Number of protein chains: 2
Amino acid sequence: MFSKACEYGIKAAIFIAVNSSENNRVSPKEISEEIDSPQAFTAKILQALVKNNVIKSVRGAYGGFEIDKDKIATIKLAQIVYAIDGDGIYNGCGLGLHTCNENHPCPVHDKFKVVREELRDMLENTTLDQLASDIKSGVSFLKI
Amino acid sequence: MFSKACEYGIKAAIFIAVNSSENNRVSPKEISEEIDSPQAFTAKILQALVKNNVIKSVRGAYGGFEIDKDKIATIKLAQIVYAIDGDGIYNGCGLGLHTCNENHPCPVHDKFKVVREELRDMLENTTLDQLASDIKSGVSFLKI
DNA sequence: TTTATTTCGGATAAATTTATCCTATTTATA
DNA sequence: TATAAATAGGATAAATTTATCCGAAATAAA
Ligand code: FES
Ligand code: FES
């Protein structure tokens, strides 16, 4: 469904959100340990999230990654997926036609569209703070 | 969402269904032309569908691929996806945890499960003859 | 039985995604 | 200002997916 990069990106963002809510800046090392991902690869994905203004990086000693506390509740899963995997999952044709087009639909268009839009709604209505709070309360998990 | 292989497999199966309903056997060459896919790669995918009893192959002169006419209405999209991409899309965790587990859920488990099950229902309730009939009537398209 | 046709299957190559490594740049503190 | 710590970013490698090639096996028809 999502690329590995996107999976790592989502989990990393949640972990950063959890820590930022406690005024704690985190490093790629901590992140990759907590979400069980390759460190250098994860660092690259973090850079993409920084460029897309999903997270903030602070360079130099005592630096790390963080998210403005008051921004955590406004960041949607959709932004993360878009930053890393692009918009193919929303707009692309399920059977790989060049474009998904109502007027030139592939055989599964009508049925696929429903699923795709449910996925989009889900991603656009899920914020980082919702996901972070379940991690904090031990209801959900970032690895294993 | 689906792999390229799976996209080709679905489109190929639909094209074969269309032709078999008219007692017409087709070759990988015709198939790949009609669904706009690489021929040799498509042939490999057809072999997988044959092994999984989705389609039938007839070797030698005047051979080709076909589907038993009375079987076309019983073949579900789910069987094709399963034969090529496996069951990851149904059972796998959206964030890549080793297994999707109610008792050890990832942060998006509850929300992702809904989308995943809608996708599964769609695939399990869509048969080849439904898709083939839209192609025959010119309502849907296999390429461009 | 020979020939032409066609799928099967293994080997290989190209492209993309995933992953690692190393150096440059930035920054807080001593 | 010097030093240590940390992200940025380019180069490269490994793994996976996508794609191609070619000979073997099967089959219908001449
Ligand atoms: S045309 Fe294929 S999903 Fe819309
Ligand atoms: S545990 Fe991640 S989707 Fe169920």
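Worth saying up front: this structure is predicted, and the values here are computed from it rather than measured. Convention: sequence-line order gives letters A, B, ...; per-chain numbering from 1.
Considering only side-chain atoms of V50(A), the nucleotide from dA8(D), dC8(C), dT5(C) that sits closest is dA8(D). Minimum atom distance to the side chain of A61(A) is reached by dA4(D), of the listed dA4(D), dT7(C), dA4(C). With dT7(C), dA28(D), dC8(C) as the choices, the nucleotide that has an atom nearest any side-chain atom of S27(B) turns out to be dT7(C).
Rounded to a whole Å, the CD1 atom of I55(B) is 8 Å from the P atom of dC8(C). Rounding to whole angstrom units, CD1 of residue I84(B) and C1' of dT16(D) are separated by 17 Å. As rounded to whole Å, 9 Å separates atom P of dC8(C) from atom NZ of K51(B). Between the CD atom of E7(A) and the P atom of dT18(C) there is a distance of 9 Å, rounded to whole Å. Here the P atom of nucleotide dG10(C) and the NZ atom of K44(B) are 8 Å apart, to the nearest Å. Distance K4(B) NZ to dA19(D) P: 7 Å, rounded to the nearest Å. Across the protein-nucleic acid pair, I45(A) atom CD1 and dG9(D) atom C1' stand 15 Å apart, rounded to whole Å. Rounded to an integer number of Å, the gap from L46(A) CG to dA19(C) C1' is 14 Å.
Nearest-nucleotide assignment on DNA chain D puts the 5′-proximal partner with Q47(A), out of Q47(A) and F2(B). With the nearest nucleotide of DNA chain C identified for both S3(A) and P28(B), P28(B) has the one nearer the 5' end. Residues V58(A) and S37(A) both approach DNA chain C. Their nearest nucleotides, taken by heavy-atom distance, put S37(A) toward the 5′ side.
Across all strands, G60(A) comes closer than 4.0 Å to base atoms (heavy-atom distances). F41(B) comes within 4.0 angstrom of a nucleotide base, judged by non-hydrogen atoms across all strands.
Counted by atom type alone, K56(A) and S20(A) present zero donor-acceptor pairs between their side chains at under 3.5 Å. Side-chain atoms of T99(B) and N101(B) form no donor-acceptor pair, as typed in the model, at a separation below 3.5 Å.
Residue Y62(A) has no polar side-chain atom (N or O) positioned under 4.0 Å from OP1 or OP2 of dT26(C). In this structure, S57(A) reaches the dA8(D) phosphate: one of its side-chain N or O atoms is under 4.0 Å from OP1 or OP2.
Distance alone, capped at 3.5 Å, places no donor-acceptor pair between the H109(A) side chain and the G94(A) backbone.
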Item to check | Stepwise side chain to side chain contact (heavy atoms under 4.5 Å, CB included) check, E118(A) with V114(B) | outcome: CA-CA 9 Å; E118(A) 179 139 336; V114(B) 177; 3.0 Å; yes
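R59(A) contributes no side-chain N or O that forms a donor-acceptor pair with the base of dT27(C) under 3.5 Å.
Side-chain contact check for C100(B) versus N91(B): every heavy-atom pair is 4.5 Å or farther apart.
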